[in-house]
Number of protein chains: 2
Amino acid sequence: MKKGKRARLEAHGWRVGNAADFLELSAEESALVETKLALSESVRERRSKQGLSQAELAKRLKSSQSRVAKIEAADPSVSTDLVLRALFALGATRNDVASAIRKGRPVAA
Amino acid sequence: MKKGKRARLEAHGWRVGNAADFLELSAEESALVETKLALSESVRERRSKQGLSQAELAKRLKSSQSRVAKIEAADPSVSTDLVLRALFALGATRNDVASAIRKGRPVAA
DNA sequence: TGACGTAATGTCATATGTGACATAACGTGA
DNA sequence: TCACGTTATGTCACATATGACATTACGTCA
């Protein structure tokens, strides 16, 4: 987590402690939150690696730039479905998604 | 896919060809559908392996038996979020979820 | 056959997610 | 400084997912 992001999420009422600190969430809840975070980060990585703007990705998704921004910010108002659609729209495979979710991988690049 | 399930999904307007046959879905759409199917199957596997009824799982999820049935049937009315919540409620870890999504694994047990 | 536990399916009021829009904030090159 | 492209944030009307409920279907034991 890139520091500053945590503050944003908390502001939105999520209370995310990276692993187990700050715990206010049950194990199930935090597993879900961590999963969504991992997927969101993967969207941003793939999109920027491909040199696309949020607006361009939005077009592919038939969504809007603001929603893409929210996807990448792991805003609680976005569903996991939408995050997955974004990943697939960026050419990710099921295996790519699995890797993004899997714990213990190198955190970036 | 266990044969008969396909018919149900199609009846609901999904048009699921297991891999690439029956294609009416774009690559992105079918990747999403396959992912959701894989997760649904994982819910059923884990639940029955633990000897729980749908009603019992529903209680843990603060949901209802009928919704659990729909989760396992991969009903289009259920979100991926709910499927993930079900998995985590069954004790799955992020890595378990990743494995369920990953392609090419042994199809059952 | 009936009775029982379980799973499937349909419906509905309400909760949550959605795209779209406006606007602000950021970065950066002139 | 301004201008431009991009990203962030807030809001809202509309769409979709939700739990709950009723009902049906299935399996199995007697």
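Chain letters run A, B, ... following the sequence lines, proteins first and then strands; every chain starts at 1. Because the structure is a prediction, the values reported are computed rather than measured.
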Give the intermediate values and the outcome of side chain to side chain contact (heavy atoms under 4.5 Å, CB included) for residues A/V97 and A/F88.
CA-CA 9 Å; A/V97 171; A/F88 290 130; 3.8 Å; yes

Candidate nucleotides [options], ranked by approach to the side chain of [X] - the nearest:
X	options	answer
B/S63	C/dA22, C/dT6, D/dG19	D/dG19
B/L82	D/dT18, C/dT9, C/dG19	D/dT18
A/E72	D/dA8, C/dA7, D/dT18	D/dA8

Please answer whether the main-chain N or O of A/A69 pairs with a side-chain N or O of A/E72 as donor and acceptor at a distance below 3.5 Å.
no

Any side-chain N or O of B/S79 under 4.0 Å from OP1/OP2 of D/dT18?
yes

Give a yes/no answer on whether the side chain of A/R47 brings an N or O atom under 4.0 Å of OP1 or OP2 in D/dT7.
yes

Length of the [atom1]-[atom2] vector between [X] and [N], whole Å:
X	N	atom1	atom2	answer
B/L61	D/dA20	CG	P	11 Å
A/E56	D/dG5	CD	P	12 Å
A/D75	C/dT18	CG	P	10 Å
B/R60	D/dG19	CZ	P	16 Å
A/R67	D/dT9	CZ	C1'	12 Å
A/I71	D/dT7	CD1	P	13 Å

Just checking B/R85: base, sugar-phosphate only, or nothing, at a heavy-atom cut-off of under 4.0 Å?
nothing

Which is true for B/V68 with a 4.0 Å heavy-atom rule: it touches a base, it touches only sugar-phosphate, or it touches nothing?
nothing

With DNA chain C as reference, determine whether A/S66 or B/D81 sits nearer its 5' end, using the nearest nucleotide of each.
B/D81

Which sits closer to the 5' end of DNA chain C, A/K62 or B/Q54, going by the nucleotide each is nearest to?
B/Q54

Base of [N] paired with side chain of [X] (donor-acceptor, under 3.5 Å):
X	N	value
B/S64	D/dC21	no
A/Q65	D/dA8	yes
A/K70	C/dG17	no

How long is the straight-line distance from CZ of A/R46 back to CG of A/L52, given to the nearest 0.5 Å?
11.5 Å

Let's go through A/R94 and B/E34 carefully: what are the C-alpha distance in whole Å and the side-chain angles of both, what is the deciding distance for side chain to side chain contact (heavy atoms under 4.5 Å, CB included) to 0.1 Å, and is it a yes or a no?
CA-CA 8 Å; A/R94 277 170 61 185; B/E34 284 178 18; 3.1 Å; yes

Under a 4.5 Å cut-off applied to non-hydrogen side-chain atoms, are B/R102 and A/R102 in contact?
yes

